[in-house]
Amino acid sequence: MANRVGILKGVQVLVVDNDRDSRDLYTFLLTDLSATVITVGSVKEALEILNWFTPNIIVSEIRFLGESIYTLLNRLNAIKTDNGNHIPIIVTSTSTTGTHDQIPDVEFDEYLLKPFDLEKFVSRIINLVQEDVTENFSSNVLVYTNILSTSQSHNRVEFSSATCRNNAKE
């Protein structure tokens with residue numbers, strides 16, 4: 001993932017998972033890509049964090065002992081209703097049961113069955129927070145446009161009205 005260093009610059013992620021190893025993995029991976037990451041081990045902690053922190057995206061385990069992710073999803077629904085701010089959520093699970101079909105009234109953006117491919121995980125985050133990634137990453141690319149086009153002819157910079165990508169050949 002070396003070619004993606006800095007791609008999540010300015011993106012704030014709230015990780016909600018009762019498994020310490022999963023929280024540590026997500027933190028290591030996402031901070032390495034320049035995201036700001038806050039991790040919590042319960043739905044209750046996540047609800048407290050949302051009182052003062054507005055993430056660009058949430059990554060959450062679906063199963064919690066004695067708690068329901070439904071409470072968190074309802075809170076995100078209320079935030080969207082109150083101020084129009086949609087916070088995308090990627091729900092993860094180690095079980096093939098407990099999918100989003102069991103949560104009928106609330107939607108989430110992605111469902112990933114653990115273990116999952118980390119490249120795909122990062123790509124899904126990028127897709128869900130595309131506007132934030134584009135705003136933060138495109139300014140870095142624009143600064144180097146001249147260098148890329150003159151001294152590194154094997155690189156190509158593409159521009160469009162909504163995105164700016166640096167496509168380097170490997």
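Throughout, numbering of the chain's residues begins at 1 and tracks the sequence. Treat the numbers as computed from the prediction; the structure is a model and nothing was measured. Worth knowing before you read on, the calculation uses all heavy atoms, side chains too, and leaves out hydrogens, waters and symmetry mates.
We find the CG-CG distance between Leu29 and Leu25 to be 6.0 Å, quoted to the nearest 0.5 Å. Between Ile57 atom CD1 and Leu14 atom CG the span is 10.5 Å, to the nearest 0.5 Å. Interatomic distance, Ile58 CD1 to Ile38 CD1, rounded to the nearest 0.5 Å: 11.0 Å. Ile125 CD1 to Gln130 CD: the interatomic distance, rounded to the nearest 0.5 Å, is 12.5 Å. We find the CG-OG1 distance between Leu30 and Thr36 to be 10.5 Å, quoted to the nearest 0.5 Å. Ile62 CD1 to Ile90 CD1: the interatomic distance, rounded to the nearest 0.5 Å, is 13.5 Å.
With a 4.5 Å cut-off on side-chain heavy atoms, Val15 and Val13 count as touching. Two residues are said to be in side-chain contact when any heavy atoms from C-beta on lie closer than 4.5 Å; Ile89 and Val59 fail this criterion. Between Pro55 and Ile87, some side-chain heavy-atom pair lies under the 4.5 Å cut-off. A 4.5 Å side-chain heavy-atom check between Arg75 and Asn51 finds at least one atom pair inside the cut-off. Counting only heavy atoms from C-beta outward, the side chains of Val43 and Ser68 never approach each other to under 4.5 Å.
Across all their heavy atoms, Gly6 and Ser34 have their closest contact at CA-OG, 3.3 Å. The shortest heavy-atom contact between Ser93 and Tyr111 is CB-OH, 3.3 Å. Shortest non-hydrogen contact noted between Gly10 and Asn56 is O-OD1, 3.7 Å.
A side-chain hydrogen bond (donor to acceptor under 3.5 Å, both in side chains) with Ser22 is found for exactly one of Asp24, Asn18, Asp19, namely Asp19.
Residues forming a salt bridge (Lys or Arg N to Asp or Glu O under 4.0 Å) with Glu67 (at least two apart in sequence, or on another chain): none. Legend: residues meeting salt bridge (Lys or Arg N to Asp or Glu O under 4.0 Å) with Arg23, ordered by chain and number and at least two apart, are absent.
Transitive grouping of hydrophobic side chains (ILVMFWY, heavy atoms separated by less than 4.5 Å) brings Trp52 and Ile79 into a common cluster.
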Exercise for the section: Please step through side chain to side chain contact (heavy atoms under 4.5 Å, CB included) for the pair Leu47 and Leu72, ending with a clear verdict. Expected result: CA-CA 7 Å; Leu47 296 173; Leu72 177 60; 4.2 Å; yes
Exercise for the section: Take Leu112 and Arg124, measure what side chain to side chain contact (heavy atoms under 4.5 Å, CB included) needs, and give me the verdict at the end. Expected result: CA-CA 10 Å; Leu112 296 174; Arg124 288 185 178 176; 2.4 Å; yes
Exercise for the section: Would you sort out whether Leu128 and Glu110 count as a side chain to side chain contact (heavy atoms under 4.5 Å, CB included), showing the intermediate values? Expected result: CA-CA 9 Å; Leu128 290 170; Glu110 293 284 343; 3.7 Å; yes
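Side-chain atoms of Ser42 come within 3.5 Å of backbone N or O of Glu45 as a donor-acceptor pair.
For the pair Asp17 and Arg63, the salt-bridge criterion is not met [side-chain N within less than 4.0 Å of a carboxylate O].
Ring planes of Phe116 and Tyr26: parallel class, angle under 30° (limits at 30 and 60°).
Residue pairs meeting the side-chain hydrogen bond (donor to acceptor under 3.5 Å, both in side chains) criterion with at least one member in residues 78-92, sequence neighbours excluded, are His86-Asp109.
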